Amino acid sequence: MKSIINDEALIKKGFLISTDKNLLDFNAIFKYLNEESYWAKGITPERLKRAIDNSICFGIYQHQQQAGFARVITDKATFAYICDVFVLPEFRKHGLSKWLIQTIIEDPEFSGLRRWSLATLDAHGLYSQFGFAEISNPSRWMEIFTPYLKEN
């Protein structure tokens with residue numbers, strides 16, 4: 001795949017993408033997902049911790065401060081689902097979301113996967129740059145969807 005974002009330009013600005021879970025700022029991730037995202041409002045800290053523990057997580061950092069995040073759920077052989085993708089508002093407009101998706105797709109651990117999947121309400125333009133398209137046979141896909149209940 002042709003690179004869209006020049007890694008070196010962002011690295012020179014102090015940005016880093018890492019899969020090291022020890023670097024994750026759990027509180028910042030939880031706050032964004034629970035309070036700001038449209039897809040994970042109501043997630044409990046315990047559920048998020050379990051999700052992180054059982055996923056490959058990509059954190060974006062600037063000078064050790066959490067700037068963005070994504071999780072990949074995968075068997076590392078045939079399928080990967082990208083989820084919980086975000087860049088915090090104060091770090092937007094630097095190309096970080098493109099860099100994050102590019103880094104995930106190009107990760108050698110995922111080489112040769114047959115299928116990538118994700119769901120989005122409003123970022124179709126971002127993901128289409130990397131080859132994502134609407135599901136070609138949506139009638140083959142099924143789901144059980146149970147939204148989180150936001151505690152008051």
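Keep in mind that what you see is a predicted model, and the values were worked out from it rather than measured.
With sequence neighbours excluded, the residues forming a side chain to side chain contact (heavy atoms under 4.5 Å, CB included) with K49 are F26, D53, listed by chain and number. With sequence neighbours excluded, no residue forms a salt bridge (charged side-chain N to carboxylate O under 4.0 Å, His left out) with K21. Scanning for salt bridge (charged side-chain N to carboxylate O under 4.0 Å, His left out) contacts around D84 gives R71, with sequence neighbours left out.
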Would you tabulate the side-chain donor-acceptor contacts of residues 63-70 under 3.5 Å, counting partners in other chains and residues two or more places apart, or write 'none'?
unit_1, atom_1, unit_2, atom_2, d
Q66, OE1, D25, N, 2.8
Q66, NE2, G68, O, 2.7

Pair up each side-chain donor or acceptor in residues 110-126 with any protein partner under 3.5 Å, not counting sequence neighbours, and list the distances.
unit_1, atom_1, unit_2, atom_2, d
T120, OG1, D122, N, 3.4
T120, OG1, A123, N, 3.0

In a table with atom names and distances, give each donor-acceptor pair under 3.5 Å that connects a side chain of residues 86-97 to protein atoms at least two apart or in another chain.
unit_1, atom_1, unit_2, atom_2, d
R92, NE, V87, O, 2.7
R92, NH2, Y32, OH, 3.4
R92, NH2, V87, O, 2.9

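A pairwise comparison of heavy atoms in T44 and F30 identifies C-CE1, 3.7 Å as the closest pair. Taking all atoms of both residues into account, the shortest heavy-atom contact from Y61 to D20 is OH-O, 4.1 Å. Taking every heavy atom of both residues into account, C83 and I73 meet most closely at SG-CD1, 3.8 Å. Scanning all heavy atoms of the two residues, the minimum distance from Y148 to K41 falls at CB-O, 3.3 Å.
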Evaluate side chain to side chain contact (heavy atoms under 4.5 Å, CB included) for L24 paired with C57, printing each intermediate quantity in order.
-> CA-CA 9 Å; L24 295 174; C57 298; 4.1 Å; yes
Between L48 and L33, does a side chain to side chain contact (heavy atoms under 4.5 Å, CB included) hold up when you go through it step by step?
-> CA-CA 9 Å; L48 178 58; L33 291 175; 3.7 Å; yes
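Residue F132 is not grouped with residue Y81 when hydrophobic side chains (ILVMFWY) are merged at heavy-atom distances under 4.5 angstrom, including chains of intermediate members. In terms of hydrophobic clustering, with Ile, Leu, Val, Met, Phe, Trp and Tyr side chains grouped at heavy-atom distances under 4.5 Å, V85 and Y38 are assigned to a common cluster. Cluster membership for L23 and I104, using ILVMFWY side-chain heavy atoms within less than 4.5 angstrom, is shared.
Taken to the nearest 0.5 Å, the CD1 atom of I17 stands 5.0 Å off from the CD1 atom of I60. Rounding to the nearest 0.5 Å gives a distance of 9.5 Å between CD of Q62 and CG of L10.
Judged by distance alone, with hydrogens and angles left aside, the side-chain atoms of N137 form no donor-acceptor pair with the main-chain N or O of S139 at under 3.5 Å. Counting only distance, with no hydrogens or angles, the side chain of K13 and the backbone of A9 share no donor-acceptor pair below 3.5 Å.
The shortest distance between side-chain heavy atoms of F79 and T74 does not fall below 4.5 Å. Counting heavy atoms from C-beta outward, D107 and F58 have side chains that approach closer than 4.5 Å.
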